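Below, chains carry the letters A, B, ... as their sequence lines are ordered, and counting in each starts from 1. All figures in this text were calculated on a predicted structure; none of them were measured in a lab.
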Number of protein chains: 4
Amino acid sequence: MKLKAAIVGASGYSGEELIRLLAGHPQVDLAAVTSRSLAGKPLIEQMPQFRGLVPADLCFTASDAEALTADASLDVIFLALPHGVAAEYAVTLVAAGKKVIDLSADFRLGCPKLYEEYYGKPHPEPELLEKAAYVIPEVTPDGWQSAPLIASPGCYPTSIITPLYPLLKNGIIKTTGIVANSLSGISGAGRKTAEHLLFAERAESVKAYGLPKHRHLSEIEEQLSDAAGESVVINFNPHLAPMRRGIASTITVPAAKPEIEALYSVWESAFEGRACVGILPTGQTPDTAHTVGTNRVDMSAVYDERTGNFVITSAEDNLVKGASGQAVQIMNLWFGLKETEGLF
Amino acid sequence: MKLKAAIVGASGYSGEELIRLLAGHPQVDLAAVTSRSLAGKPLIEQMPQFRGLVPADLCFTASDAEALTADASLDVIFLALPHGVAAEYAVTLVAAGKKVIDLSADFRLGCPKLYEEYYGKPHPEPELLEKAAYVIPEVTPDGWQSAPLIASPGCYPTSIITPLYPLLKNGIIKTTGIVANSLSGISGAGRKTAEHLLFAERAESVKAYGLPKHRHLSEIEEQLSDAAGESVVINFNPHLAPMRRGIASTITVPAAKPEIEALYSVWESAFEGRACVGILPTGQTPDTAHTVGTNRVDMSAVYDERTGNFVITSAEDNLVKGASGQAVQIMNLWFGLKETEGLF
Amino acid sequence: MKLKAAIVGASGYSGEELIRLLAGHPQVDLAAVTSRSLAGKPLIEQMPQFRGLVPADLCFTASDAEALTADASLDVIFLALPHGVAAEYAVTLVAAGKKVIDLSADFRLGCPKLYEEYYGKPHPEPELLEKAAYVIPEVTPDGWQSAPLIASPGCYPTSIITPLYPLLKNGIIKTTGIVANSLSGISGAGRKTAEHLLFAERAESVKAYGLPKHRHLSEIEEQLSDAAGESVVINFNPHLAPMRRGIASTITVPAAKPEIEALYSVWESAFEGRACVGILPTGQTPDTAHTVGTNRVDMSAVYDERTGNFVITSAEDNLVKGASGQAVQIMNLWFGLKETEGLF
Amino acid sequence: MKLKAAIVGASGYSGEELIRLLAGHPQVDLAAVTSRSLAGKPLIEQMPQFRGLVPADLCFTASDAEALTADASLDVIFLALPHGVAAEYAVTLVAAGKKVIDLSADFRLGCPKLYEEYYGKPHPEPELLEKAAYVIPEVTPDGWQSAPLIASPGCYPTSIITPLYPLLKNGIIKTTGIVANSLSGISGAGRKTAEHLLFAERAESVKAYGLPKHRHLSEIEEQLSDAAGESVVINFNPHLAPMRRGIASTITVPAAKPEIEALYSVWESAFEGRACVGILPTGQTPDTAHTVGTNRVDMSAVYDERTGNFVITSAEDNLVKGASGQAVQIMNLWFGLKETEGLF
């Protein structure tokens, strides 16, 4: 029997990508897509790209938490809501016993104080925060499956935490002096009608932003600190690049064990059998174009003997492995399906 | 009276940009453009973008060093030849008393051994190398004007050396732990018909390359070492981004004097009156789109008290301030013209 | 039991897209991918985007027609070879009883003289040409299934023939005065290392080409004439636009029956139940971005009472519905599978 | 002595381009730039691309018509205001004896009824409309110089009217059956924060819009009818293409005199000595990339003997020859300067 799934807040880019993935998923029945602004409208009118993929009569419904809790047949609910809005829905849904996968930033941090520091207000639901699990399936230790809510990681964090986590855990790299530069396609900024996101502004433009304390930094450092067993503080320099999708991260990090073979050996063991991680040989750098539409994060590394640093490069589709694909991967594992079902 | 100028090897992107700048320069008469492959062909047939700007009867001529030396009226010769080819022309032209501005990498390094290390063969003309001057007009100490040949800097180096040079000289930043990430538009790779430079390969793609020892690293480190008065070794991570023009560099560098005001104060004093450098306030990052077509390198910085690093960002047009515009700026100064003549 | 399929000439963009579609097809076993230039190399080394999708040990093999005929288990062979090369392979394979789907232009025209006129040489295999069928599944009359070789249509033709065919057949539009303007993403030009296909040449560029007799014109007119039952001669103006994928066609055509409802009524009846055609309401124009990655051609029309013309617009992914997706759609129908299997 | 110029409404793309052109114009002193939203702010803070080009202390001022009329030293005022807003300013300024060049659509049509049909309301200033002149310098008959206000043409119209005007006037083409397809870069839609103009929506997208009666159609047909001496009704199909700048028009038009030499002969005579028109040989199509940043419209034509149509192609920079550059060209001629001053 198929899983019945709902997407709450399906009008943004993550929501749209969730529709694509869940509507095409052989083990999922996409039962409801909600949107405050589009309620009542046929989905394929708003998103003509899905003609032929979703039923012609599927309409957006209101984003009504009560209605969702009332539907006993719903197995899993994805929240693709703005940060801050998700928490409120999550509490109601979890209280009603629903399994929730939240793509917002609301439950990504373990520490409520860190949330307040980076988001400028106290966490709205600290009790639920404590029970929620943050999951990058390839690195998060087992046990997360019993949480009532899974926080699906951010796009930048996935591309940085995934390659670094096992290296920190295994003492291959140092915990200080890490510099991560990331470039994101413009869809990473969401479907916001802001002047700086217009085509005519972003085409032919590369620009750093959010220096030196982008919000995703909190999530990255908390996870890296977990991996290292000590506090890890890094520089994180995000940029916008003129493409629709994709994140490329280039991480310069002092080697603790300055052998490229040792690094690769840790990666190969950590990611053995994981189809959503691609390990490229040293000297061959990942390309965002090769990850577009896939749920894979590719990674590679070189050792620079002149500086004693590793330079680690990674690439992913910000909307798939960096958001909605990873959320589906989490669902697959949470419900005992094959990890890559509906994704490859 | 106008300067008479020739461009040798005008079929590539730098050559093309030199044509645009010199043909529109109020103090220059573009007397000759040479190209081995296009000799005999009318310029505007090959480069229709210059209709109306250059005389309709201007044709490419053969790249013949003898003919150029024979033309006594030529005041300045720009070499926009491939690396390795330029040196040979340069020797002949300089021997004949011509003033030469070389846009290739052949005379950018002071040290012949460094050249051999990075270019894989002994320097072809070490004697001329010794006399040549490497000039970023805003940072190179006075005295270069007496050299017979000026090496115009590379695109990446200009975006990194310009902001760092005065900071190293004035002890604002440390000489170790510098990490420079750069993103270049695809024209930076030249007009080469390589598969990886096709539109369908590079659109929607960001990718690091040349790790960890891109050739421009040698030029960057030599200049930074000059500024610091000691050996500076850095990480330099270049990337291709899907735009035609532009370089954005983001440089993470440990602060020696951890005050953002001190950094800005050095910049303001170093670049006072220099129209080709734009200093943006802290917190406002430069955008490659704002430099397209201009001969300006924009820069900005923030201090990250968490890591003790400055994050310095810069942006320029790789073909203008990063190549041909800077060459014209050098010409202007060398011949006593206004620095920005024909450039703003 | 799954179909065993081979792709001959898998190194170009159509071949690459076939790999994506066939490797992910639930009813297909991708048994062989051949390439003269890549023979012996692991597929995922050359095409890292397929890591996780194809077996890690799948290698390109030589494009050897004998070996393919010798493999009795192969059910279907896709030819993604250059025009002219495909015919030779096709003859050998068909002679050995293989079912062949040819993505080249070699068997698209019914008339050998037309082939000679447009391709500049006599058709190499006129006997096989006579037996081959040209198939756009939504418009080609039944009976094609018995042909030994199916010619999969060109990218431009699919976007023009599909909307016009039923309109001509039903007398909605006139047969003279048709003007078709098409815009193609750069991948439509193939993976050729030509200067005009470089990123730095095509970005920020729109340009018509191939006027007035692009090769695809022959295929378009032959099909439209079949539909109309009389000779149809049109203007076809192709352009390159700065995107990787996608074709948009805008066709201005004199109305025979000047009622937009009549036009839509014919379309709705002709395409009823066909998931690979999307009919958008009048006034809402199709967008190539909405077809990227899908096997759908979207279409719409308005009536201009001032000129008495319909303006018909269509959009598709040139590599999917315009090439490899349509080939898979043909395979599905040929082998009795669901038309959209592996495509939605 | 330099002309003193003001730009009213300088915050949009046309205004920005006017700043670039007028600030760099050797015969112009850019005395004022106004903007309701940016009044009081330093120009280079809002538009960092102009650092080094405009004085650092130049600030936007309020868009106050009274203040502009009070400044007796102002020679020419450019209106880069939204359609509908410009008319009001124009009346005040003209009444005060100022010479006005209006880049909006408010005074482009000779016929107030046509204005009402296309703009949905009566023309606000029909008296001034009668006195205003619409000027494409290369085709508009002499005499316009005495008008108090010049309407600078729209971007699409310039690319279509310029090549067709002399052909209609000289009976080379027919007046019926004309089909014009145009593609515009996204800046043509203005700096509007609309969802469909976001980078993530427009990248990888080509889409027709405004069918069948885009507002520019009125302006195009009125001018073509003037040229032909009879009413000309055409199909005009505009599209957005994923580039910042540029318009490419492809016009299929029945030949009255079916000789390509006759067509070229008319063009050569009509555009003799006009540097802002580029005539390319038949078979070589213009490329928007070759016009970026220039004030040139390039054109070419082929004759298709199969259909009896000419296919005429043109390309321009929508913000330069299609807007601000042409406005400066008009100013040059109006004030007796060299036509190309400050433009090449």
Any salt bridge linking [X] with [Y]? Criterion: basic side-chain nitrogen under 4.0 Å from a carboxylate oxygen.
{"X": "B:E222", "Y": "B:R108", "value": "no"}
{"X": "B:R244", "Y": "B:D317", "value": "no"}
{"X": "B:E116", "Y": "B:K113", "value": "no"}

For the interface with chain B, which of [options] has the highest count of heavy-atom pairs at distances below 4.5 Å?
{"options": "A:T252, A:N235, A:T313", "value": "A:N235"}
{"options": "A:N309, A:N181, A:V302, A:I247", "value": "A:N181"}
{"options": "A:L240, A:T250, A:V292", "value": "A:T250"}

- request: Would you give the length of the straight line joining atom OG1 of B:T158 to atom CD1 of B:I220, rounded to the nearest 0.5 angstrom?
  value: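 Here the rounded value is 9.5 Å.
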
Given that the side chain runs from C-beta out, which part of [X] has a heavy atom under 4.5 Å from chain B: side chain, backbone, both or neither?
{"X": "A:H290", "result": "neither"}
{"X": "A:L217", "result": "side chain"}
{"X": "A:N237", "result": "side chain"}
{"X": "A:A315", "result": "neither"}
{"X": "A:V179", "result": "side chain"}

message: Can you confirm whether more than 12 heavy atoms, excluding those of B:E305, are under 6.0 Å from its CD atom?
response: no

query: For B:K257, does the NZ atom sit with more than 12 other heavy atoms under 6.0 Å from it, leaving out its own atoms?
result: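 Atom NZ in B:K257 is not crowded, with 12 or fewer foreign heavy atoms closer than 6.0 Å.
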
- prompt: Considering the options A:Y303, A:W267, A:Y264, which one meets the ring pair (Phe, Tyr, Trp, His ring centres under 6.0 Å) requirement together with A:F310?
  reply: A:Y303

query: For the rings on B:H214 and B:Y156, is their centre-to-centre separation under 6.0 Å?
result: yes

query: For chain A, which of B:L211, B:T288, B:V233, B:T282 has the most heavy-atom pairs under 4.5 Å?
result: B:T288

- prompt: Between B:A248, B:P242, B:G185, which residue shows the highest count of heavy-atom pairs closer than 4.5 Å to chain A?
  reply: B:P242

Contact class of B:I178 relative to chain A, heavy atoms under 4.5 angstrom: neither

